[in-house]
Each structure stands twice: as structure tokens, then as C-alpha cells.
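Report on one structure; see the data block that follows.
Chain identifiers are assigned alphabetically (A, B, ...) following the order of the sequence lines, protein sequences preceding nucleic acid strands; residue numbering begins at 1 within each chain. Note that this is a predicted model, so its numbers are computed, not measured.
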Amino acid sequence: MNTTVVAQLQRQFQDYIVSLYQQGFLDSQFSELRKLQDEGSPDFVSEVVSLFFDDCSKLINTMSRSLEQPDNVDFKQLDSGVHQLKGSSSSVGARRVKNVCISFKECCDVQNREGCLRCLQQVDYEYKMLKTKLQDLFNLEQQILQAGGTIPQVDIN
Amino acid sequence: MEVCNCIEPQWPADELLMKYQYISDFFIAIAYFSIPLELIYFVKKSAVFPYRWVLVQFGAFIVLCGATHLINLWTFTTHSRTVALVMTTAKVLTAVVSCATALMLVHIIPDLLSVKTRELFLKNKAAELDREMGLIRTQEETGRHVRMLTHEIRSTLDRHTILKTTLVELGRTLALEECALWMPTRTGLELQLSYTLRHQHPVEYTVPIQLPVINQVFGTSRAVKISPNSPVARLRPVSGKYMLGEVVAVRVPLLHLSNFQINDWPELSTKRYALMVLMLPSDSARQWHVHELELVEVVADQVAVALSHAAILEESMRARDLLMEQNVALDLARREAETAIRARNDFLAVMNHEMRTPMHAIIALSSLLQETELTPEQRLMVETILKSSNLLATLMNDVLDLSRLEDGSLQLELGTFNLHTLFREVLNLIKPIAVVKKLPITLNLAPDLPEFVVGDEKRLMQIILNIVGNAVKFSKQGSISVTALVTKSDTRAADFFVVPTGSHFYLRVKVKDSGAGINPQDIPKLFTKFAQTQSLATRSSGGSGLGLAISKRFVNLMEGNIWIESDGLGKGCTAIFDVKLGISERSNESKQSGIPKVPAIPRHSNFTGLKVLVMDENGVSRMVTKGLLVHLGCEVTTVSSNEECLRVVSHEHKVVFMDVCMPGVENYQIALCIHEKFTKQRHQRPLLVALSGNTDKSTKEKCMSFGLDGVLLKPVSLDNMRDVLSDLLERRVLYEGM
């Protein structure tokens, strides 16, 4: 067990996750999720998160198809899609995605197609960004575990 | 000699004289005969002649005279006695008739003369009447002019038009040379030439108002003739005219709005007059006639009335404009106020939200810390941290609520709790500070004080904490005592009677400190928001000044009363409040709860084997909820639709968590269906808990009306879920939002 490597990796992990919180990618709900990870379900977080990203891509596809035709946009369907997305993102603690969903819902309410398109693009961007970041986080976790260390608890500030 | 009855004339027949006589007689006769003929002819022609019989008589007289002279013609020669007889008869008749006529004429001629006189008289009368008619016509003309003038003047409500029209029309009607109007200046000490007829741009000069001629005119309501040389009449340079026309001046009362008092009208108590000066053309020898003066007076009155109408109109227009301005300003102010209130509310909401996040972090971490291995002292400390943070979270809620408190829309959250424990907890919270300040705190609980009561635990704790905290804050030395007792009647506040009813009682808490004391005059101000007493002692203690105000409002909500007694500065003070609490039926059950002096037993966290059903349409959130419950040891079944839920739910499930985020009532219907399903069976139905995005009043009411046992705010933290499950299984009801 290389303690310095482990310590370094742990430090890296800590800094990275804190930065994610500070930049607003994640919020307290994510830390709740991490609490639920135990011996019984060691990959709980990554499972939930990948389910979330699948959900995101499916919903975004459906919604972009709805928004294709300028004349007959089904805002009801769009609204329910956004609602789903908002619910999912708040369950995993994806703060930025959730915030975009809130603006998206407002655009839906006033039936502003351009606004919706913009929000959709933003959602797409945000979730992909988050996906990359979490991927890096999980990689770090794997590295720590492989190096024999334990994943540190993190203070949220 | 022949004897004949002839008569010899006196003179011989063929003398010249005889001849002339003969001829004259002849002519006389002719004339005498023709005169009656003429008379008859002309009288017949004329319609009116009253004395016909005079005419007959006169005719007879003339005819006889003519006959006489005619017969005389025969007497120039020798003529027979017959002729002489006839002649004599004729003469006699003539004499008779002429005498009768002469006598008659004596009567008639005066009459005829008097007819002439009457005729003359009538002619005079006719001439006089003509004159008078001419006068009347003139007056009627004048009247018409006045009416027309009045009409012109009164047809406009513009002051300038009125005055200008007056001058123009007067000038025209009376054929004036010049017509001028002098208005009093603002100061009232001078008259200023405001309008003239001929000059388009009058030189604006003034005369003092105290001139004798002006006083004379103002003194009477009649038009007054004034000298053409007086200052008000000298309007343009005299240019070689021999004689200036006569000048008349009349006052025009200027009525002010305040003159229209019901009691004063029509007597004018105004002192302000304008002066109207009218000049007849020079060199015209015209004089002012009475009717013209009357016309001028009438016009002056009409002008006064017209001006007053114009003034009233101006006034009312001005008032209306003012009102409109005020309306606009008020509207703006109202909107600004609304914006300000909205901004404040938004700000509070945002701040609240921002403050909650770190608060939750503290609470979360403290509860995590509790999970780990701790020594008893550490555990105690962690619990105190938790309690403080919960209180702080409540306080933050209340800062937001304060605005709702003032609207009266805040409601107490009632629950059953241990009163004795509450006091001890409060003391534990305060003790550290008190120990530092070396102020011993003593707690006296009356022996008849119920242990388990129903009320708003958090807010009661807040009140007690605030009062005790103030006591500690404002005392530098001495001691603090907290007494709690059941009060039966309140002798202090006369308008507030405390009547213990049935399952309620009134709790009285007295907090006595020996600190700086309060000036009795300042006591009423204490409960005012943000107001602070300015004594040196208190200024250094800080504090926002909200505490007592909030406490007072909570006490009022709890149907109680709060007041402070103090004997004066330096003599300490006692804060007392009464609140109404309910007595819990479970007062005899011993409840398992942490007693602060002993390390608290951790809450029941083992839910192994508890069968739970989770219904959520959203896959991700379903998974998260499942993970949460699995971590706590439950056996979780998940479904993703209402129908599936109905199919799957069974008596083995103890709790059903259902997501109600989607708008509409379909999700709530499922609760009713489950109720229905289980009323038919003998088994106990599972507890139904809704997971919702908000826990406001309407959501709670909806849940209650559909028969749900509780509602939770998503996303749920681990501790929340743990507490909720414990509470649910103990009490079988949960209506606390988080």
C-alpha cells in the first residue's frame, strides 16, 4: 500500500469533489446519495448516476423532436418531459441541470419555442459536462480503491 | 189818369245809378243762389257735418235773400202791385229767417270754435305720443342690446373672452368712443388698466385705488358720471379736441369662490371691484341718457355673474386636476409599496433559501457525527449543536414568517411534547453563556405542571429561549430564575381573563433577573419591532430587536399574554407570559426521550425487514428512494404506475411511499383506492406517505383530504427518512413538512 500515493489521490479526490460543489454542479442531495453507498450496494451512486444520464439523453431526444416543427410544438409533452428531467436531476443532486430545467419549464409555460430550444441546448450541454466530470470522479475513486485506500468523507461548504 | 196798383220807384228808371243797382242786384241774386248750391254740394261730399239743419236754415236765409234781390230787379221799373207784394213777402220772410239764423249762430259759432280747439289739442297729444313711442322703442332696443350682450357674455366661460366681449358689445351698442376696464392688482392697492376697446395693446399703467373718484364709483352700484379729466378716463393723449365726451364709470364686483355662502347670498360681502369706464365720442354733444346708464349697470352686474361662473369653473377644473395628480401619485405610491413588499418577500425567500443550504449541511453533518462512536460528553455536545441548528433553522423560517405573522396567515404547528423536558433543554442551551457570565440560573417547575402537553413545541421553545436569553444578555451580575406554573386566573391584565377549560390550561412562565432593569416608560416600546431602549447598558449588548416582537406575536397566537414588570433602572425586571396549551391524554405514558443530563439513547434506526412499497414514475428518483430505504434496512418493492401499485399493494406492506409531483389529482386518487381496498379486508392498511416537491398548506390539505397519512418534501435526506419512519410507526401519523 503506497500511502503517499493514496493520500495524494485522496487529496485530489477531495479537492475535485469540493470544486464540483463549489461550481454548483452538485448539491447536498449528491452527498445524501453517497451516504447510501455501503457494503450492500457498493456501486449505488454510479448506478443511479448512469440511469440518470440515460434518462437525460432519452428525454432530450424526445424533446428535441417535439421542438423540430415550428408550427405544432406539443408544449404539454414538452412540459411533462421537463418535469421528469427536473425530478430526476433533483433526486441525484445535479444542481445546474435542475436550474436549467426550471427556466425550461418557464419557457414552456409561456410557449416560447426559441426559449425552449435554447434551454434544451443548455440542458444537453450541462448534463454532458456533468457526465464527464462524474466520470473523472469515479475514475479517481477507482484509483483510490485500487491503491488500497478508502474513499474519504467530504465536508460540504 | 189811370189808376193802377203799380208802384213807382223812387228814382227814374233809366238813370245810370239805377242801372248799376240793377246789375249788382242781379249778381247778388246769382251769388246768393249759388252759395247754397255749393254748400249742399260740398256738405254732401263730406261725410261729417253735424249741423245739417243749420245748413237748411242758412240755405233758406240765403235763398230768400237771393229771392229778395231778384225780385228787386223788377222794382226798378214800374211794377205792379203784385210784384210789390211778393217783394214785401220775400223781405219779411228773409227778415224772419235771418234773425233766426243770427240767433242760432250765437249758439253755433262757439261750438265750432271749440271744435277747432279740440283739434289742436289732439294734434298736440298725437305729437307727444309719437315722442313717447320713440322713447319706448329706444328702450326696447336697449333691452335687446342688453339681452344680446348678456348672451354674448354668458356664452363663454373664459374670463378674457367675457371681458373683451363686454367692451366690444358695449362700444357697439352705445356707440362709444372708448371703453376700458381697470382690474385690481394682486396687492389690491392699485387698479391696472387691463382691457380697452380701441387700443389693441394698452399701455399697462396703474392708478392707486384710493382716489376719491374711484371711491365714489365703488361706493354705489349705479353708474356714475365722472370728469373726463380724471386719471381713469385719460386713456390717450388729448389731441386738439375741443370737448371731450362725457364719461361714465361703474363698478364690477369680482366675486370670489368664498363669497358663495348660503347665508350671505345675494348680499355681496366682497370688497374687490373692477372699474369699467365708458366714454362718449368727443365733439358729439351727446349726453348720457338714463336708459343708457341703466344698461351699463345691468351689463356690469351680468359681467360680475359671468366672471364668477368662470371663476367657479376654474376652481373646479383646478381641483379636478389636483385630484387626478394625487390619484396618479397615490397609484404610483401604492405600486411602489407593492413592489417593495414583493421585493422584500423575494429577498427574504432567497436569503432564506441561501441560508438553509449551509444550515442543512450543519444539520446533516451533525447527524452523521451522531452516528459515529462518541464519548458521552461529545454526544452531548453534538446533540446541543443539533438542537441549536434546528432552532436556528426555525428562526430563519420565522424571519420569513414574520411577514406572514403580520398578515395573520401564520399557523401554529401543534404536537404533543414533554413540557418539563422543554424547559430543561432551554436551560441547557443557555447554561454555557450564563456560566461564562457567572449568572446562576434556577428552574422551578410547579408540581401540578402537566408533563405532556399539546402545543407548538418549537415556537414555545423559541419564546422561552428569547426571554431567558434576554435576561442573561442584560444582566451583568446576580442570578436568574425561571418559574413555570399553571395559572388559574389572571389578576394583572384586566382585559384578559384566563379560564382553564376542559383539556386546556394556561401555562405561566416568569423569568426574573437582577440586571439593569427597565425604565417603566420604556416598557411599551419593548415589544415594538426593531425598537431598542437607548440606555448605555443595553446598547452594547447588540441584538436586532426582533426577538420580543416575534415572541409577543407567538404568545398572541397561543391565545396568551406577555408583559414585563420592572421596579426601575438597576432593580432588575421580570418577564411574564401566559400561553394556552392543551393537555395530552397520554400524560401517564412514559415516553422514551432523551433526558439531557444522561446520554441520549439513539433513535430507533433498525427497520430490518420492514416491508415498504415505493411508487414513482421517475426512474431515477425511484432508485434513489429505494436506495435510501434499503440503506435503512427495509425490504423495498418498487412500482412505476398507479395501476401497478394497486395490484401489488398488500397487507404485508407497512408503508407506501407515493410520488405526487405530477400536477393533477390522479396520484392522490390511488390513496382513496387503497383505502377502499383495505376497508373490505380485515387487515390493517399500510400507511400512505406522499413525496412531493413542496409542503405548503394546500398540498398538506390535499393530502389530508385524500386520506394520506403524511407528506414529505423531496429530496429526502437519510436522517429525515429515518425520523419519519420512526415517527410514522410510533404515531401512525405524520404531518410535518421539512
Side-chain angles (χ1 to χ4, degrees), chain A residues 18 21-22 24 26-59 76 79-95 97-99 101-102 105 108-109 127 153-157, chain B residues 353-354 356-372 605 608 614 616-636 638 640 657 659-664 666-667 691-694 712-722 738:
Chain A
V18 165
Y21 281 117
Q22 281 177 335
L26 300 169
D27 64 20
S28 52
Q29 181 59 15
F30 188 74
S31 53
E32 290 286 323
L33 282 187
R34 295 190 70 236
K35 273 194 251 171
L36 302 176
Q37 191 157 289
D38 53 20
E39 304 78 38
S41 38
D43 296 317
F44 181 66
V45 179
S46 57
E47 279 170 13
V48 173
V49 159
S50 43
L51 182 63
F52 169 66
F53 290 133
D54 286 337
D55 234 15
C56 271
S57 70
K58 272 199 288 242
L59 281 169
K76 263 187 154 284
D79 189 64
S80 80
V82 173
H83 191 89
Q84 287 265 49
L85 202 53
K86 182 165 162 243
S88 313
S89 55
S90 48
S91 300
V92 299
R95 183 148 165 259
V97 180
K98 182 182 78 171
N99 286 342
C101 287
I102 293 174
K105 186 159 199 333
C108 271
D109 287 341
Y127 105 84
Q153 298 276 49
V154 183
D155 295 350
I156 316 151
N157 48 345
Chain B
H353 179 78
E354 295 302 313
R356 267 200 238 252
T357 318
M359 263 328 297
H360 280 168
I362 297 175
I363 294 174
L365 288 176
S366 314
S367 45
L368 273 180
L369 199 54
Q370 259 188 336
E371 303 283 301
T372 63
S605 61
T608 331
V614 170
D616 194 333
E617 286 176 2
N618 186 317
V620 174
S621 103
R622 200 168 52 228
M623 192 164 167
V624 171
T625 316
K626 177 176 175 177
L628 200 56
L629 291 163
V630 162
H631 185 76
L632 290 171
C634 307
E635 247 184 67
V636 184
T638 57
S640 57
F657 288 97
D659 173 76
V660 295
C661 278
M662 293 298 285
E666 308 85 38
N667 306 302
L691 297 170
S692 166
N694 59 45
L712 268 183
L713 183 68
K714 268 169 69 165
V716 192
S717 73
L718 188 58
D719 298 306
N720 262 0
M721 189 56 96
R722 196 183 291 132
M738 289 296 286

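Taking CG from B:L368 and OG from A:S31, the interatomic distance works out to 8.5 Å, rounded to the nearest 0.5 Å. With rounding to the nearest 0.5 angstrom, the CE atom of B:M623 is 10.5 Å from the CG atom of A:L36. In this structure, CD in A:E32 is found 6.0 Å from CG in B:L718, a value given to the nearest 0.5 Å.
Considering all non-hydrogen atoms of both residues, A:G87 and B:S621 come closest at O-CB, 4.5 Å. The two atoms that bring A:Q29 and B:V716 nearest to each other are OE1-O, 4.2 Å, heavy atoms only.
Contacts with chain A were tallied for B:T357, B:V624, B:T625, B:D719; B:V624 has the most, counting heavy-atom pairs under 4.5 Å.
In this structure, chain B has a heavy atom under 4.5 Å from the backbone of A:S90, while its side chain stays farther away. With a threshold of 4.5 angstrom between heavy atoms, A:L51 approaches chain B through its backbone and through its side chain.
For the pair A:D55/B:N618, a side-chain contact is recorded, criterion being any heavy-atom separation below 4.5 Å from C-beta on.
The local environment of NZ in A:K86 is sparse, with at most 12 non-hydrogen atoms from other residues, nucleotides or ligands closer than 6.0 Å.
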